[in-house]
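So the structure is just underneath, and the comments pick up after that.
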Amino acid sequence: MLQKIFRIILCGVFMFTMSGTAFADVANTAEDKLAAVETTLYGAVQTGPLLDRIDKVEKDYEGGHPGGSFMDRINALYDATYDNSNGPSLVTQMNALEWAVSHKVSMACMQDRVNAMEMGLRGRTSEGTFKHRVEVLSQDAFGSKTIPLVQTNIPANTLAKVALVDRLNAKNLKVGDVIRLQAAEDVVEDGMLLFTEGAAGEAVVTKVSQAKNFGRNAEIELDFKYLTAVDGRQLNMVLGEESKKSMEQLGMAAGASVAGMLVLGPIGIIGGAFVQGKNIDLPEGTELYIQTLNDEVIYAIPTTAE
């Protein structure tokens, strides 16, 4: 026991907490929902009077200006962008299109994704609304404007390999910093595509301790917020027993292939190399396994991939 305690004291630790919600921050107000749609479509929240912003998104998305209150119109735009209840949302369609062509999805805004897809398939960009342009691309990729979706259960503890998009260096981090992630490979279960390579995710720094004298190594604590499923739902992820076992079997410690790094301690604690006062510095592209926290139902894409 004393030896184990001594080893843990010597090791820098990298913690992933078990807390979180089933979705990333859910937009509830009219302003939040419109901002979310604008960010998805254009990459940033737009400026100007609220009515002008609604008019622009409606024109760019479908070309018309339906009646109703501000909230009704914003809800319609929000649902068309993210909700799959009455058919695949714009996000789901784009995810499926990119995966069908390149077997990964982009973290760019919808405007850039559609432009890139058109250039790749047709050699030029086209005019028209997002809805029309995506329907044309769907016809090219699937032979139909309708993308096949199947309601599928993702069990708790389903593993996903992710890679850091942002460098994780204890010297430069502070509590509240957002660390971007993306799926490092597809996750396919029973012939259903659940997560696509490149799918976006986030974690938030909840604690940072710098390396100090007397063997006190750096320490980082992260709360995984989500990884985006193929249908656009942001599912809560954690580093749990299944994740730890997979990294142990592959000789991974937060994905860093550094000799002497071991997974140690309880769930979520990852030990660093046995060097006193060692900083934690994981570069972009560092891979690790995380897992779903809860059973979830999503719309998945049937595939012949293994």
Side-chain angles (χ1 to χ4, degrees), residues 33-34 36-43 54-66 73-152 154 182-183 185-200 227-234 297-306:
K33 286 187 173 184
L34 182 59
V37 172
E38 289 173 332
T39 301
T40 295
L41 295 184
Y42 311 117
I54 296 172
D55 286 343
K56 173 177 172 53
V57 176
E58 288 174 340
K59 180 180 178 181
D60 290 347
Y61 174 71
E62 197 167 11
H65 300 297
R73 294 168 66 184
I74 290 172
N75 281 337
L77 290 169
Y78 189 84
D79 291 345
T81 305
Y82 305 111
D83 183 55
N84 297 293
S85 300
N86 298 310
S89 68
L90 183 65
V91 168
T92 301
Q93 291 181 74
M94 201 66 224
N95 288 347
L97 281 169
E98 286 182 332
W99 185 84
V101 173
S102 61
H103 277 248
K104 62 181 180 180
V105 298
S106 169
M107 296 176 69
C109 68
M110 191 66 62
Q111 187 167 257
D112 291 345
R113 295 170 73 182
V114 172
N115 286 341
M117 181 69 67
E118 288 177 336
M119 288 297 298
L121 292 179
R122 295 167 167 261
R124 59 180 175 81
T125 60
S126 65
E127 301 294 327
T129 65
F130 284 117
K131 182 178 180 180
H132 174 71
R133 293 167 71 188
V134 169
E135 285 178 348
V136 172
L137 290 170
S138 296
Q139 187 73 44
D140 291 343
F142 293 98
S144 170
K145 292 181 180 180
T146 303
I147 296 173
L149 287 176
V150 177
Q151 198 171 53
T152 303
I154 301 183
Q182 62 182 169
E185 60 188 19
D186 294 338
V187 177
V188 178
E189 296 286 346
D190 298 325
M192 295 293 171
L193 179 65
L194 309 179
F195 297 98
T196 61
E197 180 181 345
L227 184 66
T228 306
V230 68
D231 70 348
R233 288 193 62 196
Q234 297 175 337
V297 176
I298 69 163
Y299 286 93
I301 299 173
T303 173
T304 57
E306 296 294 332

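Scope of the values below: all heavy atoms of this structure, side chains included, with no hydrogens, waters or symmetry mates.
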Take Ser126 and Glu118 through the test side chain to side chain donor-acceptor pair (under 3.5 Å) and record every step on the way to the result.
-> CA-CA 7 Å; Ser126 65; Glu118 288 177 336; 2.5 Å; yes

Report yes if some heavy atom in the side chain of Met119 is under 4.5 Å from a heavy atom in the side chain of Thr125; otherwise report no.
-> yes

Indicate yes or no: at least one non-hydrogen side-chain atom of Glu58 is less than 4.5 angstrom from one of Asp60.
-> no

For residues 106-115, run the donor-acceptor check on the side chains, cut-off 3.5 Å, and write out each pair with its distance to 0.1 Å, sequence neighbours left out.
residue	atom	partner	partner atom	Å
Ser106	OG	Ala108	N	2.9
Arg113	NE	Glu98	OE1	3.1
Arg113	NE	Glu98	OE2	3.1
Arg113	NH2	Asn95	OD1	2.8
Arg113	NH2	Glu98	OE1	2.7
Asn115	OD1	Arg133	NH2	2.7
Asn115	ND2	Gln111	O	3.2

Quick one: does Leu90's side chain get under 4.5 Å of Lys131's, heavy atoms only?
-> no

When you measure from the side chain of Thr81 to the backbone N and O of Leu77, does any donor-acceptor pair fall under 3.5 Å?
-> yes

Nearest heavy atoms of Tyr78 and Ala36, plus distance in Å | CE1-CB, 4.2 Å

Within the distance-only criterion (no hydrogens, no angle test), does the side chain of Asn84 pair as donor or acceptor with the backbone N or O of Ser89 below 3.5 angstrom?
-> yes

Using atom types as modelled and distance alone, determine if a side-chain donor or acceptor of Thr39 lies under 3.5 Å from a backbone N or O of Val37.
-> no

Answer whether the closest heavy-atom distance between the side chains of Val230 and Trp99 falls below 4.5 Å.
-> no

With Tyr61, which residues qualify under ring-ring contact (aromatic ring centres under 6.0 Å, His included), at least two apart?
-> none

Without swapping roles, check the side chain of Asp190 against the backbone of Met192 for a donor-acceptor pair under 3.5 Å.
-> no

Side-chain heavy-atom pair Tyr82, Thr92 within 4.5 angstrom cut-off | no

Given side chains that start at C-beta, do those of Met94 and Val134 come closer than 4.5 Å, heavy atoms only?
-> yes

Test: Lys56 cationic atom under 6.0 Å from Tyr42 six-membered ring centre, within 45° of axis = yes

Is there a donor-acceptor pair closer than 3.5 Å between any side-chain N or O of Asp186 and the backbone N or O of Thr196?
-> no

